[in-house]
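For this chain, numbers begin at 1 and follow the sequence in order. Indexing begins at 1, ligand by ligand and atom by atom, following the structure's order.
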Amino acid sequence: MRHVAIVGSGPAGYYTAEALQKADDIAIDVIDRLPVPYGLIRTGVAPDHQSIKAVSRRYEGVALTDNVRFVGHVAVGDDIGIEELTGLYDAVVLATGAPNDRPLAIPGADLPGVIGSAAFVGWYNGHPDFARLAPPLDAAGVAVIGNGNVALDVARILAKTPAEFGGSDIVAHARDALAGGNVRHIHILGRRGPHQIAMTPKELGELGHLERASPRVDPGDLPDEGDDAMLEPGMRKSVTHLRNFASNLVAKPVTIDFDFFAMPVAIEGREENGGRVQRVIVEKTALDADLRSHGTGEHYAIEAGLVISCIGYQTPPIPGVPYEHGRGRFANDDGRILPGLYCVGWARRGPTGTIGTNKPDGARIAELILEDVPRGTGKTGRSGLDRLLDSRGVTPVTFRDWRRIEAAEVQAAIEGAPREKFVSIEAMIEAIGR
Ligand SMILES: Cc1cc2nc3c(=O)[nH]c(=O)nc-3n(C[C@H](O)[C@H](O)[C@H](O)COP(=O)(O)OP(=O)(O)OC[C@H]3O[C@@H](n4cnc5c(N)ncnc54)[C@H](O)[C@@H]3O)c2cc1C
């Protein structure tokens, strides 16, 4: 019997389990620090994009097979060390994602009211780490820094009316706070131009159909239309949306401005308001021949009482695991870290690609493991893990437990919503009946 531990129950973890479970004589434990599975499918993907979240049904199918077990509420590096795990399993795969925000390295980035997208997204999606965030939504102006899909998610969630959250699983505290908020002017800042965005057409197009908010693009920021021909088809569609936003100005109470060629250089606060952020100082940029941005010396200010940086993520290091600080991920050679230790998904590649990108990644790691560990080495696997956790008073959450949590969440749903999520670990554990 080969024993494999996969640390992380997000897409990368479950695609790896799916590929591995086809092998004979294999037992796979999927360990997660939370009592609930699926990683960013639950806590990252936007609550108003339920069709995307539905991919979790596929992972459920994997989790319910005999040779795969969910071991929830066990944090690797905390409840159990990496060397202990590699001592118990023939192969350990780190699928821990990249949950930490890349720091915004400008003066004022630590002022109250400046937050990262991991925190803000985690807050509206009910991640227990961020349930108490309380972002200052009394602000009329919000600056969203970044030109990727996460920035679009954040701007859209800020702009929607309560009715537009119908059918979503946005959590109650976010639903209420957004409904009682005062956000009127949202700025999405990108250092480069419309041809350099990392925004996909579907997500961008949605901004044009919001009830009370309209997107605005300065026509002067758009390149010559003929230049769109050299873009790949998806990007061309995205840029067509930006052109439509520039030409069809619709007056609505909330504005979403695309500030292109805009590099935030400092964030200033107001002393009489506890230092809370008041404005973002932006330097206009120009692109060089290699399409890199550089400052032009021309500055302007954006009034903002809330700043959300959406500039990428990092994997937190785990003691004993080689780490590549520059890239914020585990040091690895095509997924191999050390003998018996692998990584996959965002923990391997960094925070790029879609959910689907993790599927070939998982298949490749499964192939490497089956190549490296052709048969079991006599390690104890799950029975050893159970003994060790028991000796430490750690009681894992099983998949059956998770389904009880899920059933309670479905039962608590408001009308039209798929579920009302528990936002604290205590409430999740209580729902299991412990
Ligand atoms: C805001 C946001 C929105 C997105 N929206 C989309 C979208 O609409 N469509 C799309 O295709 N992609 C989207 N993505 C990308 C997609 O979510 C990722 O590609 C995918 O989740 C990465 O999978 P992963 O398994 O590597 O990491 P994750 O999904 O982050 O899973 C990592 C798991 O590891 C667990 N973990 C971490 N550390 C430990 C530890 N020490 N011990 C035990 N467990 C641990 C975590 O609890 C988590 O469950 C979005 C990403 C973000 C951030």
Would you call [X] and [Y] a salt bridge, using N to O less than 4.0 angstrom?
X    : Y    : answer
R2   : E371 : no
R58  : E18  : yes
E409 : R403 : no
R156 : D48  : yes
D257 : R216 : yes
E84  : R392 : yes

Report yes if [X] has an N/O atom closer than 3.5 Å to an N/O atom of ligand 1; otherwise report no.
X    : answer
W346 : yes
L40  : yes
H49  : no
I355 : yes
G356 : no
E203 : no
A12  : yes

Which protein non-hydrogen atom lies closest to [atom], naming both residue and atom, and how far is it?
atom                    : value
atom 44 (N) of ligand 1 : R33 N, 3.0 Å
atom 8 (O) of ligand 1  : I52 CD1, 3.5 Å
atom 49 (O) of ligand 1 : D32 OD2, 2.5 Å
atom 50 (C) of ligand 1 : V45 CG2, 4.6 Å
atom 41 (N) of ligand 1 : V76 O, 2.9 Å
atom 39 (C) of ligand 1 : T96 CG2, 3.6 Å
atom 31 (O) of ligand 1 : G10 CA, 3.6 Å
atom 27 (O) of ligand 1 : G97 CA, 3.4 Å

Going by atom types only, do [X] and [Y] share a side-chain donor-acceptor pair under 3.5 Å?
X    : Y    : result
Y15  : Y59  : yes
Q50  : D169 : yes
N147 : R191 : no
D228 : H195 : yes
N125 : T43  : no
Y342 : N332 : no

Could you tell me, atom by atom, which parts of ligand 1 come under 4.0 Å of a heavy atom of [X]?
X    : answer
V121 : 1 (C)
D153 : 3 (C)
A75  : 42 (N)
G345 : 26 (O)
N358 : 19 (O), 20 (C), 22 (C), 23 (O)
G44  : 1 (C), 2 (C), 3 (C)

Between ligand 1 and [X], can you find any atom pair, the residue atom being a heavy atom, that is separated by under 4.0 Å?
X    : result
G77  : no
Y313 : yes
P11  : yes
V74  : yes

Self-check item: Step-by-step side-chain hydrogen bond (donor to acceptor under 3.5 Å, both in side chains) determination, T398 to D401
Solution: CA-CA 5 Å; T398 64; D401 292 335; 3.2 Å; yes
query = Strictly under 6.0 Å, is that where the ring centroids of Y124 and F130 end up?
reply = no
Practice prompt. Please indicate, with yes or no, if any protein heavy atom is found under 4.0 Å from atom 23 (O) of ligand 1?
Written response: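 Within 4.0 Å of atom 23 (O) of ligand 1, protein heavy atoms are found.
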- Task: Kindly indicate whether atom 46 (C) of ligand 1 is approached by any protein heavy atom to under 4.0 angstrom.
- Result: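 At least one protein heavy atom is under 4.0 Å away.
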Determine whether D259 and I302 satisfy the following criterion, side chain to side chain contact (heavy atoms under 4.5 Å, CB included), listing intermediate values before the conclusion. CA-CA 10 Å; D259 285 48; I302 295 175; 3.4 Å; yes
With V344 as partner, the option from L368, V7, D361 fulfilling side-chain contact (heavy atoms from CB on, under 4.5 Å) is D361
What pairs of donor and acceptor atoms, side-chain ones from residues 30-37 against any protein atom, are under 3.5 angstrom apart with sequence neighbours left out?
residue, atom, partner, partner atom, Å
D32, OD1, L34, N, 3.0
D32, OD2, S9, N, 2.9
D32, OD2, S9, OG, 2.8
R33, NH1, D129, OD2, 3.2
R33, NH2, D129, OD1, 3.2
R33, NH2, D129, OD2, 3.0

| query | Where does V7 meet ligand 1, judged by heavy-atom distances below 4.0 Å: at the side chain, the backbone, both, or neither? | reply |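 The part of V7 near ligand 1 is the side chain, not the backbone.
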In terms of its nearest heavy atom to atom 32 (C) of ligand 1, the top option of A95, G8, G39 is A95
